[in-house]
Structure formats: structure tokens, C-alpha cells
Asker: 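Pasting a structure below so you can have a look.
Quick caveat: nothing in here was measured; it's all calculated off a predicted structure. Chain letters run A, B, ... following the sequence lines, proteins first and then strands; every chain starts at 1.
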Amino acid sequence: EPEVTQTPSHQVTQMGQEVILRCVPISNHLYFYWYRQILGQKVEFLVSFYNNEISEKSEIFDDQFSVERPDGSNFTLKIRSTKLEDSAMYFCASSAGTSAYEQYFGPGTRLTVT
Amino acid sequence: AQKVTQAQTEISVVEKEDVTLDCVYETRDTTYYLFWYKQPPSGELVFLIRRNSFDEQNEISGRYSWNFQKSTSSFNFTITASQVVDSAVYFCALSPRNTGFQKLVFGTGTRLLVSP
């Protein structure tokens, strides 16, 4: 069964450093998403991406964040200058479409900012 | 504004008991989708069910059943004859039309602990 994969599973970085989280969505999916979950809290939407551009983003997704689909398979989330409060689990998801299509989530990358 | 409320923070049951997880949502959209996801201790999010706002039929899948009541804006999830493997955090989520159905708004989750 096809699945969303994410690397690395755990990333430790120092405050102020840039990090790139990588995702490989399901191959025939068209919509890609990033969510985050601060430890013990709810899952929060960050951004959705379709046709090589951002289609929807939340207030959390400020200028420190960017997304890219550098090739036909990867989907990345970059945080330019990490802050302590960026420590969270970051989930990538993909879907074949919107409305009638469910989002399939990857296993997550745990980001720890020290 | 869209919001999902899962008032039960944690529920503990003994194996074979039935358990219902509550979900209440708020949206001004008349067209939306509702979801349940399971997050086991390993951390991934597992899709369980999707329901659109025009389909109020209850659904049963094995030991799982869902009760959607538009009149009370609720989408409750029942596990019959619970098992230890059901122990997880369960999230209810809403996808409203005004975001092009691209955004999932999650509740805070209910942690279910099933003991043997």
C-alpha cells in the first residue's frame, strides 16, 4: 500500500539554525500539506500546496517558513531561523484531491530546537 | 470560524467495554467534511473515516461506528467491545468548504486507555 514517507524521523537543531524537513507524498497525489503538533497538543494546519504554489496557509506559517517541491517526488518544509517554540512534530500529508479525498499522513518528523 | 471540541480529555475502560468518543463542531459552512483519525503511541495519524455534511447516515465498520447528527453538530465515535490495541489518541477533524476543503481543523483529541 502506498504511503507518505518523511525524513528525518528526529531532527535536533540549535536556535537560529535553518532546517529542512523532507517528505515524499503518495505518487499520484496532487495536494500536499504540512501540519504540526506541539507535544501533547492538537494537530495544527500550516500550509497546503497545489500545482506548485501555496493554496492555503495558516497564521502560523509566517515568513520564517517556506515550502517547495524541488522535483517530482519530494515536498519540503524549510524553517529559516528556528525558535524554541518551533519544537514540535511536523506531519506531511497528501491527498488525491480535496473535498471527497482524505489526507494521508506521514509518520512525522520530531523537531527539537535547543 | 471553525472549531472542533472534544470535551473528553482521557477515557479509561476495561477490555470488552463499549466506549463513545464525543465530537462537537462549529462552522458556518453548509458544506463540509468530518473526519476521525487515530494516533497510536507510535505517533502516526491513521485515517478512520470521512463523512460529508449531506450524509447523515450512521456508519458501521467492524467494531467501529459513527453517529453524525447535524441538528446537534456532533459526530460521535463508538468502539464496541474495546481491545487493548484501541489504546490511542483519537482526533476528530473538520474540513470546511471556505478553505476549499484543503485544511483540516482538528480537535484537541481524546486519549483512550484500554486495560486488559
Asker: Which one of B:Arg97, B:Arg111, B:Gln39 has the most heavy-atom pairs closer than 4.5 Å to chain A?
Answerer: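 The residue among B:Arg97, B:Arg111, B:Gln39 with the greatest pair count is B:Gln39.
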Asker: Heavy-atom distance under 4.5 Å to chain A: side chain of B:Tyr37, backbone, both or neither?
Answerer: side chain
Asker: Please indicate whether B:Lys3 has more than 12 foreign heavy atoms, meaning atoms of other residues, nucleotides or ligands, lying under 6.0 Å from its NZ.
Answerer: no
Asker: May I ask you to check whether over 12 heavy atoms, not counting those of A:Asp63, lie within 6.0 Å of atom CG?
Answerer: no
Asker: Testing the basics here: between A:Phe45 and B:Leu104, what is the closest heavy-atom pair and its distance to 0.1 Å?
Answerer: CB-O, 4.0 Å
Asker: Can you measure from CD (A:Glu44) to NZ (B:Lys103) and round to the nearest 0.5 angstrom?
Answerer: 10.0 Å
Asker: Look at atom NZ of B:Lys38 and say whether more than 12 heavy atoms of other residues, nucleotides or ligands are closer to it than 6.0 Å.
Answerer: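 It does: B:Lys38 NZ has more than 12 such atoms within range.
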Asker: Who among A:Pro107, A:Ser95, A:Ser55 has the most heavy-atom pairs with chain B under 4.5 Å?
Answerer: A:Ser55
Asker: Counting heavy atoms not belonging to A:Gln14, are there more than 12 under 6.0 Å from its CD?
Answerer: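 Atom CD in A:Gln14 is not packed in, count stays at 12 or less.
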Asker: Taking CG in A:Leu39 as the centre, count heavy atoms belonging to other residues, nucleotides or ligands within less than 6.0 Å. Is the count above 12?
Answerer: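 For A:Leu39, atom CG is not crowded (no more than 12 foreign heavy atoms under 6.0 Å).
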Asker: Applying a strict under-4.5 Å side-chain criterion to I, L, V, M, F, W and Y, I'd like to know whether A:Val67 and A:Phe91 cluster together.
Answerer: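 Cluster IDs for A:Val67 and A:Phe91 differ.
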Asker: Which heavy atom of B:Phe47 sits nearest to which heavy atom of A:Glu102, and what is that distance?
Answerer: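 Nearest heavy atoms, B:Phe47 then A:Glu102: CE1-CB, 3.5 Å.
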Asker: Atom CE of A:Met89 and atom CD of B:Glu44: how far apart are they, to the nearest 0.5 Å?
Answerer: 9.5 Å
Asker: For the CD atom of A:Gln103 and the CZ atom of B:Phe35, what is their distance to the nearest 0.5 Å?
Answerer: 6.5 Å
Asker: Does atom CD of B:Gln57 have more than 12 heavy-atom neighbours from other groups under 6.0 Å away?
Answerer: no
Asker: Quick one: are A:Lys42 and B:Gln6 in side-chain contact, heavy atoms under 4.5 Å?
Answerer: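 Side chain of A:Lys42 against side chain of B:Gln6, heavy atoms only: no contact under 4.5 Å found.
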